[in-house]
Amino acid sequence: TNIAQELEEYVVTKELHKHFADFFAAYKKGIVGNTPKMGVWISGFFGSGKSHFLKILSYLLANKEVGGKRALDYFIDDKKIIDPMVMADMKLAANTSTDVVLFNIDSKSESTSKQNKDAIVNVFLKVFNEMQGYCGSMPHLADLERRLSEEGKYEEFKAAFEEAYGDPWDESRQDFDFIQDDVVEALSEIGFMSEAAARNWCEKAAEPYQISIEDFAKRVKAYIQKKDKNHHVVFLVDEIGQYIGDDSKLMLNLQTVTEE
C-alpha cells in the first residue's frame with residue numbers, strides 16, 4: 001500500500017525529468033551493449049530528495065506489481081514523463097530482468113567495520129547474500145548455503161536440521177555458535193560432509209571472514225550467468241556519501257567494487 005501511494009503521489013518536476021532522462025539513457029548502455037561506466041552517483045544538498053529519487057528508481061527497475069499494476073504503469077497512466085524517448089528508455093529498463101538491492105549502507109554495516117578498509121565490499125557481500133535468501137550476517141554460513149544450493153541439497157539440509165533442532169533453519173542460523181552440533185548432524189546425515197569435516201568446517205567458521213573485491217565480483221558474475229541472458233543486478237546504496245565522509249580508503253574501496 002505504501003509503495004503504491006508513493007508511486008501515485010510522486011511528482012516529476014522539470015529538474016527530476018532531466019535526472020530520469022540522464023539515468024535511463026546511461027542505464028540503457030548496459031542493456032543494448034557493454035559499457036565499463038556502470039556506476040551512477042546521485043549528488044545534491046541535504047534534504048533535496050536523493051533518497052526518495054533512489055527509492056523510486058528501485059521500484060521502476062524492479063517493475064514489480066504494486067496495487068494491481070506495475071510500477072512503470074503509474075508513470076505511464078499519470079503521464080509523469082512526457083518525453084517519448086525517455087519513456088522508451090524506461091520501458092526497456094523495466095522489461096529487462098533485474099534484481100534490485102536497495103539498502104542504507106550505515107544500517108547494514110557492522111558497528112566497528114568502518115575502520116576496516118574493506119568495509120564497503122563486506123556490506124555489498126552481506127546484502128547480495130541476503131537478496132539470494134542466504135545468511136547476511138555470517139558470510140561463512142552463506143557460503144555453505146550456496147554450496148548446498150549448487151548441489152541441490154539445501155532444502156534437504158533445512159529439513160534435516162529442523163528435525164534435529166526443532167526450529168526452522170532460517171530462524172535459527174543467527175545463533176550458529178550454539179547450534180553447531182545440530183548443523184554437523186544435519187550435514188553428515190544428508191551425506192554432504194563427513195562428521196569430522198563438518199566439525200572442522202564449523203571451527204573455521206568462527207574465524208574472521210575475508211573476501212577480496214575481485215572474488216566478490218566473480219560471485220556476482222557467477223550468479224548472473226545462471227539467470228537470463230541479459231540479467232542485471234543493481235545495487236542502490238543510500239547514504240554512501242555520508243558513510244564515506246573524508247575517508248579516502250573507503251572511497252577507493254567503493255571505486256574498486258564499481259570497477260571490478
Side-chain angles (χ1 to χ4, degrees), residues 1-109 120 123-124 127-128 131 230-247 250-251 254-255 257-259:
T1 311
N2 288 351
I3 296 173
Q5 191 178 348
E6 276 182 278
L7 285 163
E8 196 128 318
E9 293 174 359
Y10 194 67
V11 177
V12 179
T13 60
K14 216 180 220 165
E15 189 189 354
L16 277 170
H17 193 288
K18 185 180 163 300
H19 295 319
F20 277 111
D22 287 349
F23 175 82
F24 283 100
Y27 188 72
K28 177 184 174 181
K29 290 177 189 166
I31 300 174
V32 296
N34 287 325
T35 173
K37 295 181 176 173
M38 36 64 61
V40 173
W41 186 277
I42 301 173
S43 62
F45 291 109
F46 182 75
S48 61
K50 299 186 294 294
S51 296
H52 200 191
F53 179 61
L54 189 75
K55 206 192 226 181
I56 296 293
L57 284 180
S58 79
Y59 299 152
L60 291 169
L61 290 169
N63 203 26
K64 289 200 171 81
E65 199 172 291
V66 195
K69 53 184 182 178
R70 299 214 164 264
L72 185 66
D73 294 336
Y74 286 89
F75 273 62
I76 297 169
D77 297 350
D78 288 355
K79 297 187 172 54
K80 293 184 198 285
I81 301 279
I82 303 148
D83 188 326
M85 296 286 284
V86 179
M87 205 66 227
D89 288 351
M90 288 172 75
K91 278 180 184 164
L92 178 69
N95 293 328
T96 302
S97 86
T98 311
D99 281 312
V100 176
V101 190
L102 171 71
F103 61 101
N104 178 317
I105 189 151
D106 200 38
S107 67
K108 283 289 180 189
S109 72
I120 286 175
V123 182
F124 269 72
V127 296
F128 181 59
M131 182 265 286
N230 202 4
H231 187 76
H232 285 59
V233 174
V234 186
F235 293 93
L236 297 169
V237 195
D238 200 9
E239 300 296 359
I240 186 86
Q242 295 271 69
Y243 184 79
I244 288 172
D246 302 328
D247 193 332
L250 290 176
M251 191 70 220
L254 176 67
Q255 197 180 325
V257 169
T258 312
E259 282 169 9

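Because only heavy atoms are used, hydrogens play no part in the values below, and waters and symmetry mates are left out as well, while side chains stay in.
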* **Distance (rounded to the nearest 0.5 Å) between Asp77 CG and Glu8 CD** => 9.0 Å

* Can you list the residues that meet the side chain to side chain donor-acceptor pair (under 3.5 Å) rule with Lys91, with sequence neighbours excluded? -> none

* Asked: Rounded to the nearest 0.5 Å, how far apart are CD1 of Ile81 and CG of Leu60?
  -> 8.5 Å

* State whether a side-chain donor-acceptor pair under 3.5 Å links Asp238 with Ser51. => yes

* Asked: Which one of Tyr243, Phe128, Phe124 satisfies the ring-ring contact (aromatic ring centres under 6.0 Å, His included) criterion with Phe103?
  -> Phe124

* Asked: With Glu6, which residues qualify under salt bridge (Lys or Arg N to Asp or Glu O under 4.0 Å), at least two apart?
  -> Lys55

* In this structure, are over 12 heavy atoms from other groups packed under 6.0 Å from Lys64 atom NZ? -> no

* **Expected output: side-chain Thr98 to main-chain Ala94 donor-acceptor under 3.5 Å** => no

* **Nearest non-hydrogen partners of Asn230 and Thr96, listed with the distance** => O-CG2, 3.4 Å

Extract all donor-acceptor atom pairs below 3.5 Å that involve side chains of residues 31-44 and protein atoms in other chains or at least two apart in sequence.
unit_1 : atom_1 : unit_2 : atom_2 : d
Thr35  : OG1    : Lys37  : N      : 3.0

* Between Asn63 and Leu72, is there a donor-acceptor pair closer than 3.5 Å when you use the side chain of the first and the backbone of the second? -> yes

* Asked: Do any N or O atoms from the side chain of Asp78 and from the backbone of Lys80 form a donor-acceptor pair under 3.5 angstrom?
  -> no

* To do: Identify the two heavy atoms, one from Ala25 and one from Asp89, that lie closest to each other, and give their separation to 0.1 Å.
  => CA-OD2, 3.8 Å

* Asked: For residues 59-81, which residue pairs qualify under ring pair (Phe, Tyr, Trp, His ring centres under 6.0 Å), counting only residues two or more places apart or in two chains?
  -> Phe20-Phe75

* Contacts of type ring-ring contact (aromatic ring centres under 6.0 Å, His included), residue His17, not counting sequence neighbours -> none

* Mind checking salt bridge (Lys or Arg N to Asp or Glu O under 4.0 Å) for Lys29 and listing every partner two or more places apart, or none if nothing turns up? => none

* In terms of ring plane angle, is the pair His232 and Tyr27 parallel, tilted or perpendicular, where the classes change at 30° and 60°? -> tilted

* Shortest non-hydrogen separation from Ser58 to Val100 and the atoms involved -> CB-CG1, 3.7 Å

* **Which atom of Val66 lies closest to which atom of Ala4, heavy atoms considered** => CG1-N, 3.5 Å

